[in-house]
K.L.:
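Quick one: the structure is below, questions incoming.
Please read these numbers as outputs of a predicted model, since none were measured by experiment.
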Amino acid sequence: MSIQIKDNKIIFTRTFEAPINEVFESYTTKALFEQWFHPQGGKTKVYRFNPVAGGDAFFAIEMPEQTSYTLTEYKKVEKPHHIKYFDFFATPQGEKDTTLPGMQIFMDFTSESEERTRVTSTSIFPTKDVAQQALDMGVEAGMNSTLDQLDALLKRKKS
């Protein structure tokens, strides 16, 4: 995984040895999403999952030391190339946690070959300081571990 920091943006890029449709479906199919969207040692529990423009998702990432809740509001879903959404920390009841800033995320899926897909995730924070705060909280290690889970899922699907 590569990471770039540009002002209030954090850009992650990772290439997977899988067709673009399989990678995209891992982000937009509840049963697949639950299998990988968490760092190693955790699990994802999805309460709502409607990844279409105007839809939302509410889920928990359960780690041994804590559980965090996320509310996602989908703005654009263009299979299999783009997903645009807003991500917010949430309460256990599925409401936005307004004490913490949200972020806008642009996901771009690019087919490099029939069996190779590059995913670029651009997270846009309200300010450069908030982006730095996310980095200080370990977002890079968490994202890398989470994408390792996706890589393992895609490899299992192949065999």
Side-chain angles (χ1 to χ4, degrees), residues 1-14 16 23-110 117-153:
M1 180 185 81
S2 70
I3 182 171
Q4 293 180 302
I5 293 92
K6 292 184 178 179
D7 195 35
N8 65 329
K9 297 179 181 93
I10 301 174
I11 304 162
F12 298 101
T13 303
R14 175 92 174 241
F16 299 95
V23 178
F24 191 88
E25 286 172 7
S26 297
Y27 281 86
T28 58
T29 303
K30 179 184 173 189
L32 296 173
F33 184 84
E34 286 180 309
Q35 292 179 56
W36 73 270
F37 199 82
H38 50 266
Q40 190 169 10
K43 67 180 191 175
T44 301
K45 180 172 174 120
V46 174
Y47 300 97
R48 283 193 314 270
F49 197 75
N50 187 23
V52 297
D56 73 350
F58 170 53
F59 58 92
I61 296 177
E62 301 171 349
M63 297 296 294
E65 60 278 357
Q66 72 176 20
T67 298
S68 64
Y69 297 89
T70 300
L71 181 62
T72 299
E73 297 174 349
Y74 294 95
K75 300 302 176 187
K76 184 191 297 186
V77 179
E78 295 176 349
K79 184 179 181 177
H81 296 287
H82 306 287
I83 304 172
K84 176 183 173 184
Y85 60 97
F86 287 92
D87 239 3
F88 302 94
F89 287 99
T91 67
Q93 296 75 35
E95 302 296 323
K96 282 182 199 173
D97 181 344
T98 56
T99 64
L100 297 164
M103 64 183 140
Q104 184 174 10
I105 300 175
F106 293 91
M107 302 283 309
D108 292 302
F109 300 79
T110 305
T117 303
R118 184 179 66 246
V119 177
T120 303
S121 174
T122 303
S123 300
I124 304 171
F125 295 85
T127 66
K128 184 177 182 176
D129 288 342
V130 174
Q132 186 60 52
Q133 192 176 27
L135 290 168
D136 294 345
M137 291 171 57
V139 72
E140 181 177 1
M143 181 62 73
N144 203 36
S145 180
T146 298
L147 294 177
D148 285 348
Q149 300 285 93
L150 175 56
D151 192 49
L153 172 66

K.L.:
Working note: Tyr47 + Leu71, criterion side-chain contact (heavy atoms from CB on, under 4.5 Å); need CA distance, chi angles, decisive distance, verdict.
P.N.:
CA-CA 10 Å; Tyr47 300 97; Leu71 181 62; over 6 Å; no
K.L.:
To the nearest 0.5 Å, what is the distance between CZ on Phe33 and NE2 on His38?
P.N.:
10.0 Å
K.L.:
Take Tyr74 and Asn50, measure what side-chain contact (heavy atoms from CB on, under 4.5 Å) needs, and give me the verdict at the end.
P.N.:
CA-CA 8 Å; Tyr74 294 95; Asn50 187 23; over 6 Å; no
K.L.:
If I compare all heavy atoms of Pro39 with all of Thr146, which pair ends up nearest, and what's the gap?
P.N.:
N-OG1, 3.3 Å
K.L.:
Please enumerate all residues that pass ring-ring contact (aromatic ring centres under 6.0 Å, His included) together with Tyr27, with sequence neighbours excluded.
P.N.:
Trp36, Phe109
K.L.:
Distance check, rounded to the nearest 0.5 Å: Ser68 atom OG versus Ile61 atom CD1?
P.N.:
5.0 Å
K.L.:
Can you confirm whether more than 12 heavy atoms, excluding those of Phe89, are under 6.0 Å from its CZ atom?
P.N.:
no
K.L.:
How far apart are the closest heavy atoms of Asp151 and Phe16, and which atoms are they?
P.N.:
OD1-CD2, 3.7 Å
K.L.:
Between Asp87 and Thr72, do the side chains contain a donor N or O and an acceptor N or O under 3.5 Å apart?
P.N.:
yes
K.L.:
Do Ile5 and Lys128 make a side-chain contact, defined as non-hydrogen atoms from C-beta onward lying under 4.5 Å apart?
P.N.:
no
K.L.:
So is Lys96 actually on top of Phe88's ring, under 6.0 Å and inside 45° of the axis?
P.N.:
yes
K.L.:
Can Asp136 and Gln132 be counted as having a side-chain donor-acceptor contact under 3.5 angstrom?
P.N.:
yes
K.L.:
To the nearest 0.5 Å, how far apart are CD1 in Ile124 and CD1 in Ile10?
P.N.:
11.0 Å
K.L.:
Would you say the side chain of Leu150 lies within less than 4.5 Å of the side chain of Val119, judging by non-hydrogen atoms?
P.N.:
no
K.L.:
Is Leu153 close to Ser26 at the side-chain level, that is, under 4.5 Å between some pair of heavy atoms?
P.N.:
yes
K.L.:
Ion pair present between Lys79 and Glu25, side-chain N to carboxylate O less than 4.0 angstrom?
P.N.:
yes
K.L.:
Looking only at heavy atoms, what is the nearest atom pair of Lys76 and Ala53, with distance?
P.N.:
CA-CB, 4.3 Å
K.L.:
Surrounding NZ of Lys75 (heavy atoms of other residues, nucleotides or ligands, distance under 6.0 Å), is the total greater than 12?
P.N.:
yes
K.L.:
Distance check, rounded to the nearest 0.5 Å: Asp148 atom CG versus Met1 atom CE?
P.N.:
8.5 Å
K.L.:
Tell me the closest heavy-atom pair linking Gly102 and Pro126, and the distance in Å.
P.N.:
O-CD, 3.5 Å
K.L.:
Check Pro92 against Tyr69 and note the closest heavy-atom contact, atom names and distance.
P.N.:
CG-CE1, 3.6 Å
K.L.:
To the nearest 0.5 Å, how far apart are CG in Asp108 and OG1 in Thr122?
P.N.:
6.5 Å
K.L.:
Do any N or O atoms from the side chain of Glu34 and from the backbone of Val46 form a donor-acceptor pair under 3.5 angstrom?
P.N.:
yes
K.L.:
Does the side-chain contact (heavy atoms from CB on, under 4.5 Å) test come out yes or no for Tyr85 and Asp56, once each step is laid out?
P.N.:
CA-CA 9 Å; Tyr85 60 97; Asp56 73 350; over 6 Å; no
K.L.:
side-chain contact (heavy atoms from CB on, under 4.5 Å), that's the test. Do Thr13 and Thr120 meet it? Break it down for me.
P.N.:
CA-CA 4 Å; Thr13 303; Thr120 303; 3.7 Å; yes
K.L.:
Is there a donor-acceptor contact under 3.5 Å from the side chain of Thr44 to the main chain of Phe37?
P.N.:
yes
K.L.:
Quick one: CZ on Phe59 to NZ on Lys43, what's the gap to the nearest 0.5 Å?
P.N.:
15.5 Å
K.L.:
Just wondering, do Gln104 and Lys84 contact through their side chains at under 4.5 Å, heavy atoms?
P.N.:
yes
K.L.:
Looking at every non-hydrogen atom in both residues, tell me the closest pair between Thr67 and Ala60 and how far apart they are.
P.N.:
CG2-CB, 3.9 Å
